[in-house]
*Asks:* 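Just passing along the structure, written as structure tokens.
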Amino acid sequence: QVQLVESGGGLVQPGGSLTLSCAASGSMFSIGVMGWYRQAPGKPREFVASITRGGNSEYADSVQGRFTISRDNAKNVGSLQMNRLKPEDTAVYYCTTGRRTSSGDYVPDYWGQGTQVTVSS
């Protein structure tokens, strides 16, 4: 079993920055992929970014170049640095851990409870 706890959400103005953190417990985090998803009101949950234990990362087109995912395997923590935030980035952000399929798709197995990010002036 893996427990994930997000922190760092809040209200930020357009163009601002915010860093989300994820603290993980449980042995699977040491071998799993870590990822972030988000869900805006009235919209389906969507992939944001993922990173393997070796540091290979992937991003959704909508955040490429603005967001940076990272992790510290020794401390079992991960983070999502979000820059140049836009109102359309407003959502609940979820930390996840999971695996990559043979075709390279990321499949989350565990989810945190989420943290709210609101981008508004």
Side-chain angles (χ1 to χ4, degrees):
Q1 195 75 346
V2 175
Q3 291 78 43
L4 302 169
V5 179
E6 304 96 336
S7 61
L11 173 65
V12 62
Q13 292 186 342
S17 299
L18 207 59
T19 300
L20 305 181
S21 297
C22 177
S25 59
S27 62
M28 284 195 65
F29 187 78
S30 65
I31 60 174
V33 180
M34 197 203 84
W36 291 87
Y37 277 70
R38 67 186 181 185
Q39 187 168 23
K43 294 186 177 180
R45 198 169 290 185
E46 65 174 358
F47 169 79
V48 175
S50 69
I51 185 170
T52 67
R53 192 167 187 268
N56 294 317
S57 58
E58 293 184 347
Y59 297 90
D61 290 343
S62 59
V63 306
Q64 181 76 49
R66 299 188 298 123
F67 290 11
T68 302
I69 189 171
S70 62
R71 63 187 289 173
D72 185 328
N73 295 327
K75 298 180 179 179
N76 282 351
V77 296
S79 66
L80 184 69
Q81 172 69 43
M82 305 183 293
N83 296 325
R84 304 199 309 274
L85 283 161
K86 305 175 182 180
E88 51 264 42
D89 294 318
T90 295
V92 177
Y93 284 71
Y94 297 90
C95 176
T96 69
T97 61
R99 55 199 153 78
R100 290 253 172 92
T101 67
S102 58
S103 58
D105 296 325
Y106 173 58
V107 179
D109 293 318
Y110 297 95
W111 296 75
Q113 292 189 328
T115 184
Q116 176 70 46
V117 172
T118 302
V119 185
S120 175
S121 55

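Quantities reported herein were computed from a predicted structural model and do not represent experimental measurements.
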*Asks:* Could you tell me the separation between the CD1 atom of Ile69 and the CD atom of Gln81, rounded to the nearest 0.5 Å?
*Replies:* 12.5 Å
*Asks:* Can you tell me how far apart OG (Ser57) and CD (Gln64) are? Round to the nearest 0.5 Å.
*Replies:* 8.0 Å
*Asks:* Please verify the inter-ring angle class for Phe67 with Tyr93; under 30° counts as parallel, over 60° as perpendicular, anything in between as tilted.
*Replies:* tilted
*Asks:* Between Thr90 and Gln116, is any pair of side-chain heavy atoms under 4.5 Å apart?
*Replies:* yes
*Asks:* Could you walk me through whether Arg66 and Tyr59 satisfy the side chain to side chain contact (heavy atoms under 4.5 Å, CB included) test, starting with their C-alpha distance in whole Å, then the side-chain angles of each, then the deciding distance to 0.1 Å, before giving a yes or no?
*Replies:* CA-CA 10 Å; Arg66 299 188 298 123; Tyr59 297 90; over 6 Å; no
*Asks:* Measuring from Glu46:CD to Gln39:CD, what's the distance to the nearest 0.5 Å?
*Replies:* 9.5 Å
*Asks:* Please name all residues satisfying salt bridge (charged side-chain N to carboxylate O under 4.0 Å, His left out) with Glu58, sequence neighbours left out, ordered by chain then number.
*Replies:* Arg100
*Asks:* So, do Ser120 and Leu11 sit near enough that their side-chain heavy atoms are less than 4.5 Å apart?
*Replies:* yes
*Asks:* Between Thr96 and Trp111 (side chain of the first, backbone of the second, donor and acceptor by atom type, cut-off under 3.5 Å), is there such a pair?
*Replies:* no
*Asks:* Quick one about Ser103 and Thr101 (side-chain donor to acceptor, distance below 3.5 Å, no hydrogens or angles considered), yes or no?
*Replies:* yes
*Asks:* Should the pair Tyr37 and Tyr106 be assigned to parallel (<30°), tilted (30 to 60°) or perpendicular (>60°) ring geometry?
*Replies:* tilted
*Asks:* With sequence neighbours excluded, tell me which residues meet side-chain contact (heavy atoms from CB on, under 4.5 Å) with Arg99.
*Replies:* Val107, Asp109
*Asks:* Can you tell me which residue among Met34, Gln1, Gln3 is in a side chain to side chain contact (heavy atoms under 4.5 Å, CB included) with Tyr110?
*Replies:* Gln1
*Asks:* Do you know which of Val117, Thr19, Asp89 makes side chain to side chain contact (heavy atoms under 4.5 Å, CB included) with Met82?
*Replies:* Val117
*Asks:* Within the 4.5 Å heavy-atom criterion, are Arg38 and Ser62 side-chain neighbours or not?
*Replies:* yes
